[in-house]
Amino acid sequence: MDISVDLFGRKLASPVIPASGTFGFGSEFAEYYDLNILGGIALKGTTRDARYGNPLPRIAECPAGLINAIGLQNPGVDAVIAEEIPRLAAVYDGAIIANVGGHSEEEYVVTAEKLSDCKEVFAVELNISCPNVKGGGMAFGTDAQIAKSLVYTVKKRVKKPLIVKLSPNVTSISDMARAVVDGGADGVSLINTLVGMRIDLRTRRPVIAVRTGGVSGPAVFPVALRMVNDVARAVNVPVIGMGGVTTAEDALEMMMAGACAVQVGAANLVNPYACKEIVEALPAAMERYGIRNISDIIGAAL
Amino acid sequence: MKRETLLLTGNRPLTPTVFELTFSGASAMRAGQFVELEVEGQYLRRPISVCDSADGTLTLLVKRVGVGTDKMSRWQAGREVSALTGLGNGFGSDATKPLLVGGGIGCAPLYRLARDFAEKGVRPTVVLGFQAAAEIYYRDEFARYAEVIVATDDGSDGFKGNAVAALCDKGFAAGKDFDRYYACGPAVMLRALSAWCADGELSLEARMGCGFGACMGCSIKTTDGFRRVCKEGPVFDAAKVIWE
Ligand SMILES: Cc1cc2nc3c(=O)[nH]c(=O)nc-3n(C[C@H](O)[C@H](O)[C@H](O)COP(=O)(O)OP(=O)(O)OC[C@H]3O[C@@H](n4cnc5c(N)ncnc54)[C@H](O)[C@@H]3O)c2cc1C
Ligand SMILES: Cc1cc2nc3c(=O)[nH]c(=O)nc-3n(C[C@H](O)[C@H](O)[C@H](O)COP(=O)(O)O)c2cc1C
Ligand code: FES
């Protein structure tokens with residue numbers, strides 16, 4: 001049974017990749033298991049300068065998931081390259097996917113270029129769900145023209161495969177996918193979190209300090225699956241699927257929807273061994289559904 | 001961090017809202033560390049401090065405040081509970097004249113610490129602050145290892161006022177009555193304590209996504225930079241916490 005998949009010409013040990021923001025910069029998870037069973041690791045969103053992020057509380061529980069409003073806390077791109085990536089590369093040989101956040105085009109470009117010049121980085125994942133400060137705070141990823149021109153500018157400076165991570169908070173995610181592929185994206189990943197909120201009945205105030213945050217976890221799985229399917233039908237580049245994946249069966253379903261690899265986010269937070277357990281459960285799940293090569297099922301349900 | 005399946009061996013009410021859970025099957029943990037318990041039907045685990053950890057038994061004291069702790073209050077002996085154990089840094093224990101200060105459910109994590117000092121031959125002073133007499137728990141248990149001062153907001157038992165007011169009223173002074181304090185309780189209490197004296201350690205709370213350092217959901221600002229309450233904490237040097 002073969003659980004390896006291909007991404008941009010590189011063979012990944014498995015299709016399972018921890019999603020950005022739910023695995024830190026990876027190295028701390030090496031205390032829990034051998035990271036080399038993973039298909040890749042998506043690093044915590046990195047920005048040009050160090051950021052503390054949002055005030056607390058940043059986390060709220062939801063039915064079958066959670067809301068987060070971390071606000072891209074990270075030590076800044078230079079520290080990520082000098083400290084975090086070498087620390088991960090010392091314990092892990094697989095693909096490192098550097099996730100980039102930004103609040104202006106310049107910030108995205110500088111950060112993405114520095115990370116793509118880092119020899120340990122395999123691909124850059126551009127998180128376009130961040131608010132565009134100059135554009136009135138609307139996310140880059142909610143306007144097809146703005147997203148396309150951002151991707152076009154970043155792509156010119158990035159020498160590694162460029163994955164654009166799509167926001168689900170749009171009317172047509174396939175239109176967004178087409179726009180970023182037109183802009184030069186080598187692949188797309190989706191979904192980022194869905195905007196949501198909770199209110200504390202006792203205080204009558206939002207639980208999250210900045211009022212709203214991003215919903216993820218099993219609650220979003222059917223929505224994510226539909227969006228991955230929409231996008232896989234719309235574009236001809238690799239699609240990385242995520243949103244609520246918790247089991248090997250979920251991963252197979254995501255791949256049948258059109259994903260060539262899957263990312264796992266929230267599940268890592270409640271079960272530090274989530275990715276390892278999904279990888280280990282894949283062969284038996286494949287056996288049950290008569291799958292010999294996992295790559296055979298990619299887009300089966302297109 | 002370890003993921004362990006714990007066996008609940010007892011669930012006993014201590015006050016109308018606080019109950020004591022005892023478990024077997026947990027690795028030994030230090031005072032001030034915490035566990036993350038899975039609760040049926042809830043997506044996130046619940047962080048609860050070690051009250052005592054000795055001879056293979058883990059004791060947790062829990063206050064019923066919402067849906068998760070309400071479910072926990074109804075757990076029965078014999079139940080298996082999935083837990084992440086050994087989380088966080090825990091309290092230091094280098095004081096020669098320790099002062100322990102707890103407010104409400106924050107008294108719980110001081111118990112193992114009081115024992116640690118007692119086992120080293122040092123009898124600490126512990127100030128336990130509660131809202132009212134009916135909410136007092138573990139007074140006799142603490143008295144085995146420490147000199148206990150009780151304070152209640154309404155004056156229904158012991159000193160009338162909060163734990164910090166009790167300390168001020170009794171003229172407690174660093175260097176004379178204690179050389180270092182260890183505290184857990186509501187943020188307002190911890191903040192007042194750190195303003196009163198910097199020679200202490202504070203156990204902080206934050207809403208947590210993971211409890212083991214993966215999500216950055218719990219980061220606070222300190223004079224050393226950003227620190228995760230779940231990983232570099234929950235215990236921080238009182239002089240280093242930057243209050244927002
Ligand atoms: C390090 C640490 C140690 C703790 N030790 C204890 C202890 O020993 N005994 C005890 O009774 N309580 C302790 N708490 C608080 C306890 O975690 C919360 O009271 C509990 O999670 C509330 O859950 P709930 O479902 O009943 O409340 P809900 O309000 O329904 O919970 C909703 C969500 O908010 C979170 N939440 C709510 N209140 C808090 C809070 N005060 N701190 C952190 N998260 C919160 C919950 O975990 C859950 O994710 C500790 C918290 C932390 C961070
Ligand atoms: C705590 C937390 C932090 C996140 N941080 C980032 C981030 O920095 N950059 C990013 O592109 N996505 C971030 N995400 C989104 C996830 O990578 C993922 O797209 C989303 O959570 C959906 O997957 P899931 O349902 O498996 O969690 C974060 C998600 C969570 C829960
Ligand atoms: S709760 Fe996730 S890093 Fe602290």
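Proteins get letters first, then strands, A, B, ... in listed order; numbering begins at 1 in each.
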Is [X] close to chain B through its backbone or its side chain, or both, or neither, when contacts mean heavy atoms under 4.5 Å?
X	value
A:Tyr52	both
A:Phe25	neither
A:Ala50	neither
A:Glu61	both
A:Asn268	backbone

- Message: Using modelled atom types and a 3.5 Å cut-off, is there a donor and acceptor pairing between side-chain atoms of A:Asn169 and backbone atoms of A:Thr193?
- Response: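 It does hold such a pair.
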- Task: Show the numbers, then the answer: is there a side-chain hydrogen bond (donor to acceptor under 3.5 Å, both in side chains) between B:Arg3 and A:Asn271?
- Result: CA-CA 9 Å; B:Arg3 183 178 53 176; A:Asn271 174 10; 3.0 Å; yes
- Among A:Glu277, A:Glu31, A:Lys44, which has the most heavy-atom pairs under 4.5 Å with chain B? A:Glu277
Answer with side chain, backbone, both or neither: which region of [X] has an atom nearer than 4.5 Å to a non-hydrogen atom of chain A?
X	result
B:Lys221	both
B:Val229	neither
B:Glu38	neither
B:Ile220	both

- Aromatic ring pairing B:Tyr181/B:Trp196, orientation class (parallel under 30°, perpendicular over 60°, tilted between): tilted
- Query: Can you tell me if A:Asn74 and A:Thr47 form a side-chain donor-acceptor pair at under 3.5 Å?
  - Reply: yes
- Task: State, without any angle test, whether B:Gln33 and B:Arg112 hold a side-chain donor-acceptor pair at a distance under 3.5 Å.
- Result: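 Their side chains do not contain a donor-acceptor pair, so the 3.5 Å distance test is not met.
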- Item | Electrostatic pair B:Lys71:B:Glu40 at N-O distance under 4.0 angstrom | no
- Query: Any Lys/Arg nitrogen of B:Glu36 or B:Arg46 sitting under 4.0 Å from an Asp/Glu carboxylate oxygen of the other?
  - Reply: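 No, B:Glu36 and B:Arg46 are not salt-bridged.
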